[in-house]
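Atoms within a ligand are numbered from 1 in the order they appear, just like the ligands themselves. Not measured: the values here are computed from a predicted model.
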Amino acid sequence: MPIDPVLLVHGGAWAIPDDMVDTHLAGVRAAMAAGWRVLAAGGDALDAVEEAVVVMEDDETFDAGRGSFLNRDGKVQLDALIMDGATLRAGGVGCVERLRNPVRAARKILSESPHVYFVAEGAERFAAEHGIALCKNEDLVIAREVKRLQEAQAKGAEGQPDLFAPTDSHDTVGAVALDGSGNIAAATSTGGTLNKAPGRLGDSSLIGCGCYADNKTAAASTTGWGEPIMKLVLAKWAADRVAAGNLPEWVAAEAIHYLEARLQGHGGMILLDARGRFGIAHNTPRMAWAVKTGKQESSGISR
Ligand code: GLY
């Protein structure tokens with residue numbers, strides 16, 4: 001029996017300002033279209049999530065790739081992970097500063113390396129050795145983010161630092177997909193949190209925290225304040241509950257309740273199992289998302 005593909009994407013969970021709602025919606029819909037082209041042509045879930053995430057990394061709207069939040073030194077520092085639910089192969093990069101599309105480097109690691117994770121200059125070197133062009137860090141920095149960092153640092157100097165306020169941060173992007181062969185995959189990419197300390201790694205590129213995929217359980221991509229998410233290993237927490245027989249829709253909501261109840265965390269999650277059942281949840285004021293199956297297509301700015 002043919003399997004109907006499913007694709008979900010998110011463009012970050014935070015207090016997306018009114019004047020950025022349209023660009024967020026356009027961005028997740030464009031990502032959805034790119035990923036769906038792969039699935040509709042009979043392609044793999046892994047390729048679909050990679051292509052969807054590349055579109056959002058290239059879109060300055062999001063905290064991924066060019067246009068990401070800046071760290072304390074005014075630099076873009078990016079993390080990404082991609083994972084294949086069929087084989088559990090994964091590729092991750094952390095703290096990279098010269099890659100326009102960290103998810104492409106992560107995919108190369110998954111496909112062409114015996115290792116799972118590369119960081120900083122080593123990750124950039126691996127990418128360059130595998131045909132990915134390096135850019136300058138300045139190529140990733142945009143004026144909107146320079147201003148945002150200056151404002152955040154001015155607030156901090158006045159003694160009102162709130163590095164993790166959902167009003168200011170957490171526009172990570174991600175995708176999960178089920179392909180026609182019944183395989184699931186997930187990818188997550190981020191510039192991390194605004195004004196973060198150089199070298200700080202968030203949840204997004206850590207297996208089981210910001211991203212996870214296993215055909216036997218579920219594929220998950222999370223967004224939000226990374227430290228609580230990684231302490232709870234939240235993507236794996238959710239996947240295990242799907243494996244225990246719970247519906248992804250219920251599990252995604254439970255995961256976000258757990259994040260808030262246990263650690264006062266905030267964020268969002270997209271979750272998909274190999275039967276095509278899915279969930280979308282967040283406890284932030286907004287989260288941009290889009291979903292497409294053979295029968296339905298929808299998108300929104302909150303759930
Ligand atoms: N969830 C993105 C980060 O905290 O880095």
For R89, look at atom CZ and say whether over 12 heavy atoms of other residues, nucleotides or ligands are found less than 6.0 Å away.
yes

So the atoms of ligand 1 within less than 4.0 Å of a heavy atom of T172 turn out to be 1 (N), 2 (C)

Judging by distance only, is a nitrogen or oxygen of G192 under 3.5 angstrom from one on ligand 1?
no

Please determine which of T223, D79, T172 meets the side-chain hydrogen bond (donor to acceptor under 3.5 Å, both in side chains) test together with T190.
T172

Could you work out, with side chain to side chain contact (heavy atoms under 4.5 Å, CB included) as the rule, every residue matching D73, not counting sequence neighbours?
N71, P198

I'd like to check which ligand 1 atoms, numbered from 1 as shown, lie under 4.0 Å from a non-hydrogen atom of G202.
5 (O)

Ligand 1 contact on R200 by region, counting heavy-atom pairs under 4.0 Å:
side chain

D203, any N or O under 3.5 Å of ligand 1 N or O:
yes

Counting only heavy atoms not in R144 (residues, nucleotides, ligands), do more than 12 fall under 6.0 Å from its CZ?
yes

Taking only non-hydrogen atoms of K196, do any sit less than 4.0 angstrom from ligand 1?
no

By number and element, which atoms of ligand 1 are closer than 4.0 Å to a non-hydrogen atom of S204?
1 (N), 2 (C)

List the steps and the verdict of salt bridge (Lys or Arg N to Asp or Glu O under 4.0 Å) for R107 and D84.
CA-CA 10 Å; R107 176 62 192 273; D84 176 18; over 6 Å; no

Quick check on the hydrophobic clustering: are I256 and L271 connected, directly or via other members, by side-chain heavy-atom contacts under 4.5 Å?
yes

Relative to the heavy atoms of G224, which atoms of ligand 1 are at a distance of less than 4.0 Å?
1 (N), 2 (C), 3 (C), 4 (O)

Need the ligand 1 atom indices (1-based, order shown) with element for anything under 4.0 Å from a heavy-atom of G226.
4 (O)

Using a strict 4.0 Å cut-off to heavy atoms of T190, name the atoms of ligand 1 that fall inside it.
2 (C)

Go through it in stages, so that I can follow the logic: the residues are T188 and S221, the test is side-chain hydrogen bond (donor to acceptor under 3.5 Å, both in side chains), and I'd like the CA-CA distance, side-chain angles, deciding distance and then a yes or no.
CA-CA 6 Å; T188 305; S221 173; 2.7 Å; yes

Do H115 and F126 make the cut of ring centroids closer than 6.0 angstrom?
no

Any N or O of D79 that comes nearer than 3.5 Å to an N or O of ligand 1?
no

